[in-house]
Amino acid sequence: TRWVDASTRIELEKGIEQAYDFYAERGKVSLPLRLAPRWRLVPSYNIEVYELSNTGGVIVPGTTTTSSGAILDSCKGNVCLLTYLEQVIAWDGRDDPLNTRRGLYVALSVQEGIDLGTYGYRYLRFQPEARAFWPLSARTVVALRGRLGALVPIGEVGPPPIVARFEAGGPLSMRGYYNRRLAPMELQNGQWVPVGGNGVVDGSAELRFGLSGNLGAAVFVDAGAVSDASGVPTTWQTALDASQLQWAGGFGLRYRTPFGPLRVDVAARIPDRWSLASSAFPAVPFTRWPDGSLHREPILAVHVSLGEAF
């Protein structure tokens with residue numbers, strides 16, 4: 001049995017995010033350690049370079065002018081560089097990672113961002129996560145998950161680069177929002193785009209049950225909150241404010257395949273008072289129209305994906 005390994009990875013990627021397009025070059029040198037049959041520790045050194053384009057024009061509230069807004073914060077021109085040390089430690093007690101019925105999974109990721117010449121951003125980023133599964137019967141499972149993310153700038157004036165921030169929403173997160181749409185946003189070329197924040201909290205409770213053969217279903221409740229982006233070290237803590245949590249409930253169908261379940265989830269956000277008026281549903285955090293009014297996303301979201309939510 002090998003308990004220590006070494007890995008080097010180089011990636012080139014061209015991608016499209018909602019707020020920008022990018023070319024990315026990533027390098028990683030890691031030393032995976034198998035501490036015990038269920039324990040793993042992966043220390044690594046990482047460097048990531050993003051060249052952003054199509055950042056559009058962001059309306060400055062109260063004016064008719066535009067700027068690149070949060071999209072190019074703490075970048076050199078249109079180049080954002082991250083270089084950091086990372087340690088990931090995890091304990092996996094699940095019976096099956098693809099179709100889990102029983103067990104516990106806990107993990108912690110810690111990053112220490114450093115400068116590389118005049119590039120880079122100094123920060124401490126940590127993200128603990130936990131998932132738990134209990135079978136109630138041969139065809140019914142209760143599943144829970146929780147995640148906290150925090151990015152703490154160290155000696156920086158501006159907010160972290162957009163490529164390092166946290167967002168929530170989507171089939172693997174708070175399903176009351178579409179992908180990454182639970183996050184501070186900016187108005188870019190007439191469209192709202194997520195720009196993320198320093199902190200995130202989200203979690204889910206799900207009841208999974210079989211229907212017939214490979215067909216199953218689930219009912220779930222999700223919650224999530226994202227902080228604003230800032231160079232202030234304590235900004236991430238606003239995501240911990242329970243009054244800022246947004247909630248959604250929903251129903252989904254699953255069809256079991258050899259690669260994990262094919263999944264369709266429908267989620268509706270829950271109003272913060274007894275009313276179906278649009279104003280009763282929480283607005284997108286830290287996001288306002290140029291006239292100061294709040295921005296709200298659609299109440300209903302539909303997600304199609306392969307694999308369980310967690």
Side-chain angles (χ1 to χ4, degrees), residues 36-40 88-109 127-149 166-180 182 200-226 239-272 282 299-310:
R38 293 186 179 273
W39 282 97
R40 67 180 178 92
V88 178
I89 187 168
W91 185 85
D92 192 347
R94 297 172 294 179
D95 59 348
D96 184 340
L98 292 180
N99 293 291
T100 309
R101 289 186 46 80
R102 182 189 302 274
L104 179 68
Y105 174 85
V106 291
L108 172 64
S109 169
Q127 182 172 305
E129 178 185 8
R131 309 172 197 171
F133 307 86
W134 292 275
L136 299 184
S137 69
R139 298 177 63 84
T140 306
V141 175
V142 173
L144 304 173
R145 75 163 186 94
R147 172 181 68 134
L148 166 67
F166 291 103
E167 297 158 336
L172 304 179
S173 180
M174 202 285 206
R175 286 164 280 187
Y177 281 84
Y178 284 105
N179 195 38
R180 300 185 178 183
L182 176 52
V200 64
V201 172
D202 63 8
S204 303
E206 191 166 284
L207 180 66
R208 303 170 182 172
F209 49 92
L211 294 177
S212 176
N214 289 329
L215 184 64
V219 291
F220 57 85
V221 175
D222 295 342
V226 179
L240 300 177
D241 184 352
S243 67
Q244 300 301 312
L245 278 176
Q246 300 198 27
W247 297 82
F251 174 84
L253 294 175
R254 284 95 172 93
Y255 185 82
R256 184 175 296 179
T257 76
F259 310 102
L262 179 64
R263 178 165 57 98
V264 179
D265 285 331
V266 179
R269 294 195 291 119
I270 298 173
D272 53 15
I299 297 170
L300 196 70
V302 180
H303 307 279
V304 180
S305 58
L306 182 64
E308 287 290 5
F310 55 96

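Numbers for residues simply follow the sequence, beginning at 1.
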Test your reading of the model: is there a side-chain donor-acceptor pair from [X] to the backbone of [Y], 3.5 Å cut-off?
X	Y	result
Tyr178	Val302	yes
Arg269	Gln246	no
Arg263	Gly307	yes

Next on the checklist: How about CZ on Arg102, more than 12 heavy atoms from neighbouring residues, nucleotides or ligands closer than 6.0 Å, or not?
Outcome noted: no
Nearest 0.5 Å, what's the [atom1]-[atom2] distance between [X] and [Y]?
X	Y	atom1	atom2	answer
Arg147	Ser109	CZ	OG	11.5 Å
Phe259	Leu98	CZ	CG	10.0 Å
Leu262	Asn214	CG	CG	11.5 Å
Asp222	Arg175	CG	CZ	4.0 Å
Arg38	Arg94	CZ	CZ	10.0 Å
Tyr255	Leu211	OH	CG	12.5 Å

Item to check | Non-hydrogen atoms of Pro282 and Tyr177 that approach each other most closely | outcome: O-OH, 3.9 Å
If you define the side chain from C-beta out and look only at heavy atoms, does anything of [X] sit under 4.5 Å from [Y]?
X	Y	result
Leu182	Asp202	no
Trp134	Leu144	yes
Arg40	Val88	yes
Val201	Leu240	yes
Phe310	Glu129	no
Leu136	Leu207	yes

Next on the checklist: Is there a side chain to side chain contact (heavy atoms under 4.5 Å, CB included) between Phe251 and Val266? Walk through the geometry before answering.
Outcome noted: CA-CA 6 Å; Phe251 174 84; Val266 179; 5.8 Å; no
Next on the checklist: Please determine whether a side-chain nitrogen of the Lys or Arg among Arg101 and Asp95 lies less than 4.0 Å from a carboxylate oxygen of the Asp or Glu.
Outcome noted: no
Checklist entry - Salt bridge check: are Glu308 and Arg254 linked by an N-O gap of less than 4.0 Å? => result yes
